[in-house]
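This report refers to the structure that appears directly beneath it.
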Number of protein chains: 2
Amino acid sequence: MLSNSAALDEKDISFSISDLAREFGVTTRAIRFYEDEGLLSPGRSGRQRVYTSRDHVRLKLIVRGKRLGFSLSEVREIIEMYDLDSGESGQLRYFLEQIKKRREALKQQRHDIELTLDELDSIESECKHRLSALS
Amino acid sequence: MLSNSAALDEKDISFSISDLAREFGVTTRAIRFYEDEGLLSPGRSGRQRVYTSRDHVRLKLIVRGKRLGFSLSEVREIIEMYDLDSGESGQLRYFLEQIKKRREALKQQRHDIELTLDELDSIESECKHRLSALS
DNA sequence: GACTTAATTGACGTTTACGTAAACGGAAAC
DNA sequence: GTTTCCGTTTACGTAAACGTCAATTAAGTC
């Protein structure tokens, strides 16, 4: 079964702390900090941290969340949505609520971005207009 | 001249600090802080601050920028783009550079938002699927 | 096996963006 | 005329998110 062995392979990928730091453009200090905050949970080989592909995914979510201006605790909430370990219906309904709120916030952000992009456009053309008037 | 008098009217609108606080959902403390940081520059009537429509616009930019996760100094940079007081060509070229960078960053953010929204969609449907399996 | 290099741990420092408390000033309501 | 409400000023406090530094250790390299 090819796909199965490929899946196994993927699970077996591991990363050092500097691998991750390089790939995502964050410092090792930050990565350890995220661990302190419970966002990452690497294994150990001796004293050295060994990160799995699960950590890799989580770190990707962290940096993306940061780019969107989310705090680490907001990022934590988002990450927790990805681990749907609970099958209880109350929990599931709660999650659906959270998802709804996140989506609304993200759409607000997207709207803010559109507004800002439009304004940048008009500032830019004003700028270019003045430039051409100078020559 | 109707349009002219309308323009004059607009310029004459003024706001108290609590007007602005209510409208934008920020504290008066925050508004004074923005003034300390040079982002707002209200007039005075005795000791009391009087905000013009210019301050109103700026505060709108500030809260929008905050929603997008920008720091106050980033917001300052954006605001400065709006006051094109300099007509020098070097300055104008510099502004065009800044505008380009901002636009790239905003587009990256928008992309991050699309990714996250898509993922929320699939988490949601997984969630709903499990819910229906419970009943 | 000395040297260098990468990683860890712990502790303290720093910046940003306000919050909070105290003490005071005017003005409006009763 | 005093209570009440805004607003102001000054100053100290604080939470978040790391940075920085020092001491230690482990792992390769020559």
Side-chain angles (χ1 to χ4, degrees), chain A residues 13-52 55-56 58-80 102 105 108-109 112, chain B residues 13-52 55-56 58-80 102 105 108-109 112:
Chain A
I13 296 175
S14 72
F15 310 85
S16 75
I17 192 168
S18 43
D19 286 344
L20 292 182
R22 252 190 310 277
E23 176 171 353
F24 291 106
V26 298
T27 65
T28 59
R29 176 70 183 85
I31 294 177
R32 283 186 215 104
F33 180 72
Y34 299 150
E35 181 182 348
D36 286 346
E37 294 294 298
L39 295 172
L40 300 175
S41 43
R44 296 276 173 152
S45 155
R47 295 180 7 132
Q48 252 149 274
R49 277 162 247 249
V50 180
Y51 297 88
T52 68
D55 295 307
H56 187 268
R58 282 170 166 250
L59 187 50
K60 183 163 62 186
L61 292 174
I62 293 171
V63 302
R64 187 200 290 166
K66 301 242 78 185
R67 275 201 304 267
L68 291 175
F70 293 151
S71 72
L72 282 186
S73 56
E74 289 175 311
V75 169
R76 189 201 321 280
E77 291 175 19
I78 294 176
I79 285 182
E80 281 169 359
R102 278 277 154 240
Q108 168 71 57
Q109 275 204 46
D112 284 334
Chain B
I13 296 175
S14 72
F15 309 86
S16 76
I17 194 169
S18 44
D19 287 343
L20 293 182
R22 252 189 310 277
E23 178 171 353
F24 291 106
V26 297
T27 65
T28 59
R29 176 68 184 89
I31 293 178
R32 285 187 213 102
F33 180 72
Y34 300 150
E35 181 182 347
D36 287 346
E37 295 293 298
L39 295 173
L40 300 175
S41 44
R44 297 277 172 149
S45 155
R47 296 179 7 132
Q48 251 149 277
R49 278 162 245 250
V50 180
Y51 297 88
T52 68
D55 295 307
H56 187 268
R58 284 171 165 248
L59 187 50
K60 183 163 61 187
L61 292 174
I62 293 170
V63 302
R64 186 199 292 165
K66 301 240 79 186
R67 276 200 305 265
L68 292 175
F70 293 151
S71 73
L72 281 187
S73 55
E74 288 175 313
V75 169
R76 190 202 320 279
E77 290 175 18
I78 294 176
I79 285 183
E80 281 168 359
R102 277 278 153 241
Q108 168 70 57
Q109 275 205 45
D112 284 334

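Throughout, a chain's letter reflects where its sequence line sits, starting with A, and its residues are numbered from 1.
Put simply, the side chain of A:Ile62 does not reach to within 4.5 Å of the side chain of A:Val26, judged on heavy atoms. Side-chain contact between A:Leu72 and A:Phe33 is present, with at least one heavy-atom pair separated by less than 4.5 Å.
Annotation for B:Tyr51 and B:Ser16: closest pair CD1-C, 4.0 Å, computed over non-hydrogen atoms. Of all the heavy atoms in B:Gln109 and A:Gln109, the pair that sits closest is OE1-OE1, 3.6 Å. Considering every non-hydrogen atom in both A:Arg44 and A:Val50, the closest pair reads C-CG2, 4.2 Å. Between A:Leu61 and A:Val75, the shortest heavy-atom distance links the atoms O-CG1, 4.4 Å. Contact record, A:Lys66 with A:Tyr34: CD-OH, 3.9 Å, taken as the closest heavy-atom pair. Heavy atoms only, all atoms of each residue included: A:Ser41 and A:Asp55 are closest at N-OD1, 3.2 Å.
Across all strands shown, A:Thr28 has no heavy atoms under 4.0 Å from either base or sugar-phosphate atoms.
Spacing between atom CD1 of A:Ile31 and atom C1' of C:dA6 amounts to 14 Å, rounded to whole angstrom units. Nucleotide D:dC6 holds its P atom 13 Å from the CD1 atom of B:Ile17, rounded to whole Å. Between the CD atom of A:Glu35 and the C1' atom of D:dC18 there is a distance of 15 Å, given to the nearest Å. Between A:Arg32 atom CZ and D:dC21 atom C1' there is a gap of 13 Å when expressed in whole angstrom units.
Stem list for DNA chain D (at least 3 consecutive Watson-Crick or G-U pairs, distances under 3.5 Å): C:1-30 with D:1-30.
The pair B:Arg58-B:Glu37 does not count as a salt bridge, with every side-chain nitrogen at least 4.0 angstrom from each carboxylate oxygen.
Residues from residues 43-51 of chain A with heavy atoms under 4.0 angstrom of DNA chain C, sorted by number: A:Arg44, A:Arg47, A:Gln48, A:Arg49.
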| query | What's the verdict on side-chain contact (heavy atoms from CB on, under 4.5 Å) for A:Arg102 and A:Glu74, showing C-alpha distance, side-chain angles and the deciding distance? | reply | CA-CA 10 Å; A:Arg102 278 277 154 240; A:Glu74 289 175 311; 3.6 Å; yes
| task | Using a 4.0 Å heavy-atom cut-off, write out nucleotides 13-23 of chain C from 5' to 3' as B (base contacted by protein), S (sugar-phosphate only) or - (no contact). | result | ----BBBB---
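Ring-plane geometry between A:Phe15 and A:His56 is classed as parallel, the angle between the planes falling under 30 degrees on a 0 to 90 degree scale with a further cut at 60.
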